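Just so it is clear, the structure is predicted and the values come from calculations on it, not from any experiment.
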Amino acid sequence: MDKNQQFVITINRELGSGGHTVGRKLAERLQVKYYDKPLVEGVTEKFGLSLEEIERLKAQEKESWWDTLKGKPTTAAMFETERKILQGLAEEGSCVIAGRSAFLIFREWKNHLHVFIQASRAKRIERLQKKGMTMAAAMDTIDEVDAGRETYLQKYSDKSRYDTRHYDLVIMMDELTEDDAADIIMEFIDRTTKNHQ
């Protein structure tokens with residue numbers, strides 16, 4: 001990736017890994033926009049659904065013919081809406097995008113960097129507990145979100161979000177702070193930018 005040209009950085013992350021914060025810190029350092037919630041809000045507004053309803057729909061393995069007849073949005077329609085919103089944001093200027101299957105959507109983008117942020121299950125649970133969840137709730141939430149995100153991605157590709165070949169950089173957060181991870185990504189960006197000069 002060349003930071004001197006318009007770019008897109010995608011941050012795919014496991015729930016409870018700190019990846020959301022890493023993405024925000026990275027965008028601040030690069031002085032570019034950071035997108036996560038605005039994208040979800042755009043989909044929510046289009047379909048008149050809550051964030052919880054969107055996540056539940058995306059996690060369904062099969063579309064219900066009854067819901068289609070009743071005019072409920074399909075995950076295919078949501079994916080297409082997300083894709084259009086993401087590409088529109090990226091065309092406006094350099095940015096960091098968290099989640100939303102962005103690494104898949106931007107795999108052919110000319111100037112990109114795809115990062116995966118992960119952590120051990122124990123660290124993820126610990127992080128969610130610090131946010132007020134019980135251990136049982138944290139474990140259930142991690143299992144539900146992991147399964148839902150993987151199911152959603154596999155509806156549109158034969159790819160797994162855990163396949164590291166989809167990423168330029170994979171960071172394990174167990175021994176790192178969010179600032180450490182942002183430092184590592186910035187160093188990687190600086191090195192790859194030099195390769196383009």
Quick one: [atom1] on [X] to [atom2] on [Y], what's the gap to the nearest 0.5 Å?
X: S120; Y: D174; atom1: OG; atom2: CG; answer: 3.5 Å
X: N12; Y: Q118; atom1: CG; atom2: CD; answer: 10.5 Å
X: F116; Y: D163; atom1: CZ; atom2: CG; answer: 10.5 Å
X: L104; Y: R161; atom1: CG; atom2: CZ; answer: 12.0 Å
X: T193; Y: Q5; atom1: OG1; atom2: CD; answer: 9.5 Å
X: D146; Y: Y162; atom1: CG; atom2: OH; answer: 3.5 Å

Got more than 12 heavy atoms from elsewhere within 6.0 Å of [atom1], [X]?
X: M135; atom1: CE; value: no
X: K33; atom1: NZ; value: no
X: M139; atom1: CE; value: no

Closest approach of [X] to [Y] (non-hydrogen atoms, all atoms of both residues):
X: G23; Y: I11; value: CA-CG1, 4.1 Å
X: Q6; Y: S94; value: CA-OG, 3.3 Å
X: H20; Y: Y34; value: O-OH, 3.0 Å
X: V32; Y: C95; value: CG2-CA, 4.0 Å
X: A119; Y: M173; value: CB-CB, 4.2 Å
X: T192; Y: M1; value: OG1-O, 2.9 Å

Do the non-hydrogen side-chain atoms of [X] and [Y] ever get within less than 4.5 Å of each other?
X: I125; Y: I142; result: yes
X: Y35; Y: L86; result: no
X: Y167; Y: T10; result: no
X: I184; Y: L176; result: yes
X: V96; Y: V8; result: no
X: I185; Y: I171; result: yes
X: I105; Y: Q87; result: yes

- [ ] Determine, step by step, whether R121 and D143 satisfy the salt bridge (Lys or Arg N to Asp or Glu O under 4.0 Å) criterion, reporting the C-alpha distance in whole Å, the side-chain angles of both residues, the deciding distance to 0.1 Å, and the verdict.
- [x] CA-CA 10 Å; R121 184 175 176 82; D143 290 343; 2.9 Å; yes
TODO: For the pair T141 (side chain) and A138 (backbone), establish whether a donor and an acceptor sit closer than 3.5 Å, ignoring hydrogens and angles.
DONE: no
Open item on the list: Can a donor-acceptor pair be found, under 3.5 Å and without considering hydrogens, that links the side chain of R124 to the backbone of L15?
Closed with: yes
- [ ] Check the angle between the aromatic planes of H166 and F103 and answer parallel, tilted or perpendicular using the 30° and 60° thresholds.
- [x] tilted
- [ ] Evaluate the ring planes of H114 and H112, with Trp represented by its six-membered ring, and classify them as parallel (under 30°), tilted (30 to 60°) or perpendicular (over 60°).
- [x] parallel
With a 4.0 Å cut-off, would you call [X] and [Y] a salt bridge?
X: D183; Y: K25; result: no
X: K3; Y: D190; result: yes
X: D2; Y: K194; result: no

Task: Q129-T134 side chain donor-acceptor pair, cut-off 3.5 Å - done: no
TODO: Would you kindly say whether D180 and T177 are connected by a side-chain donor-acceptor distance under 3.5 Å?
DONE: yes
TODO: From the options R24, R127, R13, R29, select the one residue that forms a salt bridge (Lys or Arg N to Asp or Glu O under 4.0 Å) with E178.
DONE: R127
Task: Full working for side chain to side chain contact (heavy atoms under 4.5 Å, CB included) between L30 and I189 - done: CA-CA 10 Å; L30 291 165; I189 290 168; 4.1 Å; yes
Task: Joint cluster assignment, V145 & I117, ILVMFWY side-chain distance < 4.5 Å - done: no
Task: Hydrophobic cluster identity match, V170 and F106, side-chain contacts under 4.5 Å - done: yes
